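The structure appears below as structure tokens.
From a predicted model like this one, the values you see are computed outputs, not experimental measurements. Throughout, residue positions are numbered sequentially from 1 according to the sequence presented. Hydrogens, waters and symmetry mates play no part in the numbers below; they use all other heavy atoms, side chains included.
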Amino acid sequence: MKIREITQIALVTAVIIVLGLIPPIPLGFIPVPIVLQNLGIMIAGIVLGPKRGTVSVALFLFLALIGFPVLSGGQTGPAVFVGPTGGYLVGWLLTPALVWSTMSFKFMKQSWEKMAGAWIGAVLIVDIIGSLWLTIGSGMPLISALLSNLVFIPGDTLKVVVACLVGQRIRIPKINRV
């Protein structure tokens with residue numbers, strides 16, 4: 001890896017951490033709060049691409065795993081990864097590759113089509129993974145877990161739009177995104 005790539009990875013990791021400083025909004029009926037941190041995860045995939053974006057998210061998750069309070073609300077440690085929200089963290093690790101692959105379909109030429117692809121990778125699939133984990137970890141019925149994610153759809157859709165706009169503005173050359 002070149003110094004430039006390492007710097008880009010570190011900067012996006014820092015953005016993810018800073019977005020985690022914004023306090024989460026608990027909902028009460030589900031143990032998953034509304035957070036802005038997943039906006040940084042989306043940006044990692046859109047701006048850095050699948051490989052470097054995944055490295056950035058993996059670095060962020062590693063910091064959380066070893067005890068740095070980088071997750072929203074200051075949560076940290078291995079317990080978070082096996083708790084009810086652990087599936088969303090697994091989904092976050094997959095997000096850069098999912099976003100990049102769903103945005104890269106050859107028929108997706110318009111901006112709205114690319115945003116729809118990013119939405120599939122960053123919202124739909126992550127919510128499904130998180131719901132499955134929530135079902136296994138808490139005993140909540142799968143349909144209830146899936147339906148509880150509907151609360152997050154409007155905000156996450158807005159986050160996808162913002163992440164795509166950031167990606168268009170930054171315009172890191174395509175050759176560096178692989």
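Inter-residue side-chain proximity for Ile170 and Val166 is flagged as met; some heavy-atom pair is nearer than 4.5 Å. The shortest side-chain heavy-atom distance between Tyr88 and Asn149 falls under the 4.5 Å cut-off. For the pair Phe68/Phe62, no side-chain contact is recorded, criterion being any heavy-atom separation below 4.5 Å from C-beta on. Two residues are said to be in side-chain contact when any heavy atoms from C-beta on lie closer than 4.5 Å; Asn38 and Phe152 fail this criterion. Using a 4.5 Å heavy-atom cutoff, the side chains of Leu89 and Leu71 are in contact. Under the 4.5 Å side-chain criterion, counting only non-hydrogen atoms from C-beta, Leu61 is in contact with Leu93.
Criterion: ILVMFWY side-chain heavy atoms under 4.5 Å apart, direct or through other members. Under it, Val162 and Val57 are part of a common hydrophobic cluster. In terms of hydrophobic clustering, with Ile, Leu, Val, Met, Phe, Trp and Tyr side chains grouped at heavy-atom distances under 4.5 Å, Leu11 and Ile46 are assigned to different clusters. When the side chains of ILVMFWY residues are joined at heavy-atom separations under 4.5 Å, either directly or via intervening members, Val82 and Val70 end up in two distinct hydrophobic clusters. Linking ILVMFWY side-chain heavy atoms closer than 4.5 Å, directly or via other members, places Ile16 and Ile6 in a single hydrophobic cluster. Hydrophobic clustering of Ile, Leu, Val, Met, Phe, Trp and Tyr side chains at less than 4.5 Å, counting indirect connections, keeps Trp112 apart from Val123.
Of all heavy-atom pairs spanning Ala118 and Val99, the tightest one is O-CG2, 4.0 Å. Considering all non-hydrogen atoms of both residues, Pro69 and Gly74 come closest at CB-O, 3.7 Å. Nearest heavy-atom pair, Thr76 versus Ala64, reported as atom, atom and distance to 0.1 Å: OG1-O, 3.0 Å. For the pair Ala163 and Met42, the tightest heavy-atom approach, listed with the atom from each and the gap, is CB-CB, 3.8 Å.
A distance-only check finds no donor-acceptor pair linking the side chain of Ser72 to the backbone of Pro24 [under 3.5 Å]. A donor-acceptor pair under 3.5 Å is absent between the side-chain atoms of Gln37 and the main chain of Leu19, judged by distance alone. Judged by distance alone, the side chain of Thr95 and the main-chain N or O of Ala122 form no donor-acceptor pair under 3.5 Å. Put simply, the side chain of Ser56 gets close to the backbone of Thr13: a donor and an acceptor are under 3.5 Å apart. Side chain of Ser138 to main chain of Leu134: a donor-acceptor pair is present (N/O by atom type, distance under 3.5 Å, no hydrogens or angles). Using modelled atom types, one side-chain atom of Trp133 and one backbone atom of Gly83 make a donor-acceptor pair closer than 3.5 Å.
The structure places CD of Glu113 at 16.0 Å from CH2 of Trp119, a figure rounded to the nearest 0.5 Å. Taken to the nearest 0.5 Å, the CG atom of Leu158 stands 13.0 Å off from the CD1 atom of Ile153. In this structure, the separation between CD on Glu5 and CZ on Arg52 is 5.0 Å, given to the nearest 0.5 Å. To the nearest 0.5 Å, atoms CD1 (Ile22) and CD1 (Ile34) are separated by 13.0 Å. Annotation: the span from Thr85 atom OG1 to Gln75 atom CD amounts to 6.0 Å, rounded to 0.5 Å. Separation of atoms CD1 (Ile120) and CD1 (Ile128) is listed at 10.0 Å; rounding is to 0.5 Å.
Among residue pairs with one or both ends in residues 65-93, none qualify as salt bridge (charged side-chain N to carboxylate O under 4.0 Å, His left out); sequence neighbours excluded.
Leu165 shares a hydrophobic cluster with Met115, Val161; the chain of contacts runs through ILVMFWY side chains whose heavy atoms sit under 4.5 Å apart.
Counting heavy atoms of neighbouring residues, nucleotides and ligands inside a 6.0 Å radius, atom CD1 of Ile3 does not exceed 12 of them.
The side-chain contact (heavy atoms from CB on, under 4.5 Å) with Leu132 is formed by just one residue from the set Leu142, Asp127, Leu146, Val90; it is Leu142.
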